Amino acid sequence: MRPPPFRFEILVGDAVAMTARNGIISVVLLAAIAIAAWLLHGQAGERDLAFSLLAGAAFGIVLQRGRFCFLCNFRDFVEHRDPRGLLSIIVALAAGVVLYHVVMMAWVPVPQPGRLPPNAHIGPVGPVLAVAAFVFGIGMAISGSCLSAHFYRLGEGSATSPFALAGAGIGFLLGFLTWNALFTLAIYASPAIWLPHHLGYTGTLVASLFLLAAIAVLVLRFSGQVTGPAESGYDPAKVPEKLFVKRWPPVVTGLLVAVISAFAFLRVAPLGVTAEVGSIVRTAGSSWGLLPDTLHGLDMLRGCATVVKQALLSPNGLFVLGLVLASFASALVAGQFQPRRPTGYDIGRGLTGGVLMGWGAMTALGCTVGVLLSGIHAGALSGWIFLVFCVLGTWSGLAAMRRFGREGTAHGKPAPAS
Amino acid sequence: MNFLRRAGVLVGAFFMVGAAHAAEPLVTADWLQENLENPKVRVFEVSVDTGVYERGHVPGSVHLDWHTELVDPTRRDIASREAFEKKLREAGVADDTHVVLYGDNNNWFAAWGAWVFNVYGIEASLLDGGRKLWEAKGLPLDTAVPEYAATDIALPERNDDLRARFTEVLDIAEGRKQASLVDIRSNDEYTGKVFAPEGVKELAVRAGHIPGAENVPWGSIVQEDGTFKPAEEIRAIYAAKGIDGSRPIVTYCRIGERSSHTWFALKRILGYDVKNYDGSWTEYGNAVGVPVVNVAGTVWTGK
């Protein structure tokens, strides 16, 4: 049975009990995350793990509450002329660029040739990146979400996401298998282009903000009117609903994503959600003898680095775990945890889209979070290239899905007006 | 009691600053904290994990990149005099500066740094316990990159008395020269059971050790918290292996960085005549036609 959505106006009978129960589960879950982080923080050398767990939880809550999903935001705009989601992405990119520069300008005061800010996702730019981003975009369109959104949708009980993530694992395996060929074909000659080397910090900031502003103007120019109750004044009684049930405003969501991104970069590593999945697949693939012994150059490149796992807990693993659990807690309170039995269609589109996304994310060294978001924030050209080709891929994928008449239903609903 | 200890630290600090050139080999975290504002003290971090320095370092410390600034990035060699001199000038190191080094990974690469500084005529101190102990004590970290007024320090040519090259090591191995060889790698590497520790990229295609080398793993002279054991204990550990400073010593490991740590203990703490062989096993174990002792008999099969 699907639990009734949380409504303040029907606080009677079963709904009250359900709401109270969900609230308690959420609080317990978040407390467990906090305690785990506290315990980890006390261990020598485990501070990064504690931070990653908490950052992941914060990211999960923001993604869930802000419905920060690259694909659905794009689709809301293309198909319903609703610009809010895209605006939250644009705000996240713009604010993140500024915050990242605060950090990078302290770490690398002069962007000298040969020096890059440590760990920043400045990936190789070349034809392979473009193809991988395009394929990733198609995979997003088919599966109904990008990879980060599949993780938070796991917390909403999505019927497609488990299969999309399983498919992504297979895609990663295929990516590792094609890696050596692609590396010797083109990636070896693809330079990691960091814009501050060419434009300086000021130039990079100005160019990035100008481009994002131009995109925002275009989006607003073509957007339709979003209907909903007009908001004026401040009603304290409505605060809980705004916070726990309604979708957060796009600007707030975007700013929070940017803040988490910059703080994660400052403390541990740039945001990314695929490193752990890739590492698990690589470790398993290597131990089963499925993968080549050497993946040329892979460990020298920047992005969502996959490694053969040596330790059970890794910062990225805990980041993703925190993301899923906190999203679940958040979805429960909002009445948005709505599991249902997967249909054959859910399984098919999840697996197909997942494989494409997995291959794309492995080959591009990250996904919409690791390459697009963390890359553009860091002034990496690879982030912008991923943006362009991923959008093209998504567009083509959505067009194809419409043509074949099976536009996604599970995640295809336009966002409720807030 | 506490007051006395603080006073002691201050008095000690005064003497150490006064004696900049004959710097004590080791400084404690407490001493360093008291001297962070001291303009005559310049701290360098040599950490190999990326982003460690940037995300928080001892306030005022300068980053030294092991892969580019302490070695020559093109040929396999230590940093050239010109490049190293330039770096030190930018970091504001003058003739009377007391250089203190620390780093991650048990100070291995910081010890390499101390060896390179010494080759270029500067006796640097190590922060005993390194970055790990500094963090464990909850001492402050900073993310700001400091800027210092440049100096015009001129470095001397390399002091080859501190560095063993391949031919010299071969002379020792084949008995033409009398010296003690200290292999500081793990016992499994020394006996030839394994070619290298798990996961490392630099390899030799033969296992075992240089004939005549004694095996004293680097960790045997370090305490639980990462600090060096007291000098007398270190002296006894080596004496038990017949290494008492009565003849020259050469330390080696796989790539020469952990052996810098032992070089530091033998040379700087005990005052023996010691050279570090930075070619180490990745040079010797790959050389053609040289004698090797391989107790385990492991055969290289390219796997």
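Lettering of chains follows the sequences in order, A, B, ..., and the numbering in each one begins at 1. What you are looking at is a predicted structure, and each value in this text was computed from that prediction instead of being measured.
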Within a 6.0 Å radius of atom [atom1] on [X], are there more than 12 heavy atoms belonging to other residues, nucleotides or ligands?
X: Q43(A); atom1: CD; answer: yes
X: F263(A); atom1: CZ; answer: no
X: K229(B); atom1: NZ; answer: yes
X: E90(B); atom1: CD; answer: yes

Toward chain B, the part of V268(A) with a non-hydrogen atom under 4.5 Å: backbone
D293(A) portion near chain B, given a 4.5 angstrom heavy-atom threshold: neither
Closest non-hydrogen atom pair, W107(A) against T143(B): CD1-O, 4.1 Å
Neighbours of chain A found in residues 48-69 of chain B - heavy atoms under 4.5 Å: T50(B), G51(B), E54(B), R55(B)
Sequence neighbours excluded, every pair satisfying ring pair (Phe, Tyr, Trp, His ring centres under 6.0 Å) that has a member inside residues 268-312 of chain A: none
Those residues of residues 374-382 of chain A, ordered by number, that approach chain B below 4.5 Å (heavy atom to heavy atom): none
Interface residues of residues 113-124 of chain A facing chain B - non-hydrogen atoms under 4.5 Å apart: R115(A), P118(A), N119(A)
